[in-house]
Amino acid sequence: MLSNAPAGTSEAPLQQFSPERDAVIAEIVLASRILAREGIVDSFGHVSARHPDRRDHYLMPRTRAAELVTPEDVLAFDREDALVSVTQARIFAERSIHGAIYRARPDVQAICHHHAPAMMPFCTSDAALVPVFHLGATMGATVPLWDSQDEFGDTNLIVSSQAQGDSLARALGSNWTVLMRGHGATVAGRSLREMTFRAIYGARNAEVQLKAAQLGTVRRLTAAEAFSAAEFNLTPFAMDRAWEQWTRHVDAPTPF
């Protein structure tokens, strides 16, 4: 159950029952299960979405493997990353990643943090991750690398404070994917489906780039090619086709 908004806010209070909220929660569950099946998340990693009833809140599952997430697991958090839902469930320390990006990027509606194996070599080396094929361009033409060491020194590499989250959001900037040294990647999107598409094909781009490097010089897409390819592949024409296929292989969430 969701509480009312704090006193003094200009936006309407959160509704206890909202069809829009329920629809977003159902897609969070589907995206979590799809990303697990596609090897992007495993026991670790998490998905969130901006709350449709309050843009300064977001929805994110309790601490649980993404493959097992149900609608009842999805909780609400405010702009300070404080839990709004009434629950005794464990919550992710790394919600700071999600809250910081939502605060910094009004255009972002969904986020995934993951440790896909294909991305990890680029999180542990000086090799830049670049778009090398048309679907892979959806990860973004530029993929920056954030190093927690630069501002926070030796840590456990978990982004567990607002200061760390804000630093990561600054590194992401106007891009859609950011690598985290020694840790993983964070992917943003303008919808849950777009974020899912970016996360899956970003990891596949990393796989292709790694294999190409074993053969010789990697031939990356030009900036104009990457922009044009991403723009085309992030239309419903492409995304809906992929989403339909992906959802056929996972269990649909139980209705509220």
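Just so it is clear, the model here is predicted, and its values are computed rather than measured.
Not counting sequence neighbours, the partners of D240 by the salt bridge (Lys or Arg N to Asp or Glu O under 4.0 Å) test are R193.
A donor-acceptor contact closer than 3.5 angstrom links the side chains of S167 and E151. When only modelled atom types and interatomic distance are considered, T196 and W243 share no side-chain donor-acceptor pair under 3.5 Å.
No donor-acceptor pair under 3.5 Å is formed between the side chain of Q109 and the backbone N or O of L192. For the pair E225 (side chain) and T222 (backbone), a donor-acceptor distance under 3.5 Å is present. Side chain of R190 to main chain of E194: no donor-acceptor pair is present (N/O by atom type, distance under 3.5 Å, no hydrogens or angles). For the pair N233 (side chain) and A229 (backbone), a donor-acceptor distance under 3.5 Å is present. Formation of a donor-acceptor pair under 3.5 Å by the T177 side chain with backbone atoms of V143 is not found in this model. A donor-acceptor pair under 3.5 Å is absent between the side-chain atoms of R64 and the main chain of S43, judged by distance alone. The closest donor-acceptor contact from the side chain of Q209 to the backbone of V218 lies at 3.5 Å or more, if one exists at all. Although no hydrogens or angles enter the test, the distance criterion places a donor-acceptor pair under 3.5 Å between the side chain of R198 and the main chain of T138. Judged by distance alone, the side chain of S85 and the main-chain N or O of A76 form a donor-acceptor pair under 3.5 Å. Within the 3.5 Å criterion, the main-chain N or O of A137 finds no donor-acceptor partner in the side chain of N205.
Taking both residues in full, the closest heavy atoms of I158 and Q164 are given as O-OE1, 3.4 Å, listed atom of the first, atom of the second, then distance. Residues V84 and H57 share a closest heavy-atom pair of CG2-CD2, 3.7 Å. When all heavy atoms of T142 and P144 are compared, the pair lying nearest together is O-CD, 3.6 Å. Here the shortest heavy-atom pairing between G184 and M120 reads CA-SD, 3.8 Å. Contact between L129 and M119 at its shortest, heavy atoms only, is CD2-CE, 3.7 Å. Across A203 and A118, no two heavy atoms sit closer than the pair O-CB, 3.4 Å.
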Note to self: Pair H51, V24 - check side chain to side chain contact (heavy atoms under 4.5 Å, CB included), show working.
What the structure shows: CA-CA 8 Å; H51 200 300; V24 171; over 6 Å; no
Note to self: One pair to check against side chain to side chain donor-acceptor pair (under 3.5 Å): D56 and Y102. What are the steps and the verdict?
What the structure shows: CA-CA 8 Å; D56 60 346; Y102 289 126; over 6 Å; no
Checklist line | Steps toward salt bridge (charged side-chain N to carboxylate O under 4.0 Å, His left out) verdict (D81, R103) | finding: CA-CA 10 Å; D81 306 326; R103 290 191 296 271; 3.4 Å; yes
Note to self: Show, in sequence, the C-alpha distance, side-chain angles and deciding distance for I200 and I34, and conclude whether the side chain to side chain contact (heavy atoms under 4.5 Å, CB included) test is met.
What the structure shows: CA-CA 9 Å; I200 291 172; I34 288 167; 4.0 Å; yes
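Within the 4.5 Å cutoff, side-chain heavy atoms of L210 are placed close to those of P121. Side-chain contact between V29 and T70: absent, with no pair of heavy atoms (C-beta onward) separated by less than 4.5 Å. Counting heavy atoms from C-beta outward, H115 and F44 have side chains that approach closer than 4.5 Å. Between M60 and L75 the shortest side-chain heavy-atom distance does not fall below 4.5 Å. Side-chain contact between L145 and R181 is present, with heavy atoms from C-beta onward closer than 4.5 Å. At a threshold of 4.5 Å between non-hydrogen side-chain atoms, the residues M195 and I111 do not count as touching. The closest side-chain heavy-atom distance from V132 to L221 is not below 4.5 Å. No side-chain heavy atom of T87 sits less than 4.5 Å from a side-chain heavy atom of R62.
To the nearest 0.5 angstrom, C112 atom SG is 5.0 Å from L35 atom CG. For the atom pair F232 CZ and H134 NE2, the distance stands at 8.0 Å (nearest 0.5 Å). Here the NE2-CG distance, from H98 to L59, works out to 12.0 Å after rounding to the nearest 0.5 Å. Atom CG of residue D22 and atom CD of residue E27 lie 12.5 Å apart, to the nearest 0.5 angstrom. To the nearest 0.5 Å, atom OG of residue S174 and atom CZ of residue R105 are 6.5 Å apart. Taken from CG in L168 to CD1 in I101, the straight-line distance is 5.5 Å, to the nearest 0.5 Å.
Under a 4.0 Å N-O distance rule, the pair R21/D53 does not qualify as a salt bridge. Salt bridge R50/D107: absent, no basic N to carboxylate O contact under 4.0 Å.
A cation-pi contact, defined as under 6.0 Å to the ring centre and within 45° of the axis, links R204 to Y201.
Atom CD of E244 is surrounded by 12 or fewer heavy atoms from other residues, nucleotides or ligands within 6.0 Å. Heavy-atom contacts from other residues, nucleotides or ligands closer than 6.0 Å to CG of D154 number 12 or fewer. Within a 6.0 Å radius of CZ in F227, other residues, nucleotides and ligands contribute 12 heavy atoms or fewer. The number of heavy atoms from other shown groups lying within 6.0 Å of CZ (R79) does not exceed 12.
Both M139 and F122 are assigned to one and the same hydrophobic cluster, defined by single-linkage of ILVMFWY side chains at heavy-atom distances under 4.5 Å. There is a path of hydrophobic side-chain contacts, each under 4.5 Å, that joins I97 to W176. V187 and L179 sit in two unconnected hydrophobic clusters of ILVMFWY residues. Membership requires side-chain heavy atoms under 4.5 Å apart, directly or through other members. I25 and V250 fall within a single hydrophobic cluster, where Ile, Leu, Val, Met, Phe, Trp and Tyr side chains are chained together by heavy-atom contacts under 4.5 Å. In the hydrophobic cluster analysis, where Ile, Leu, Val, Met, Phe, Trp and Tyr join through side-chain heavy atoms closer than 4.5 angstrom, L157 is grouped apart from W146.
Checked against a 6.0 Å centroid threshold, the rings of H183 and H113 count as neighbours. When ring centroids are compared, H46 and F92 come within the 6.0 Å threshold.
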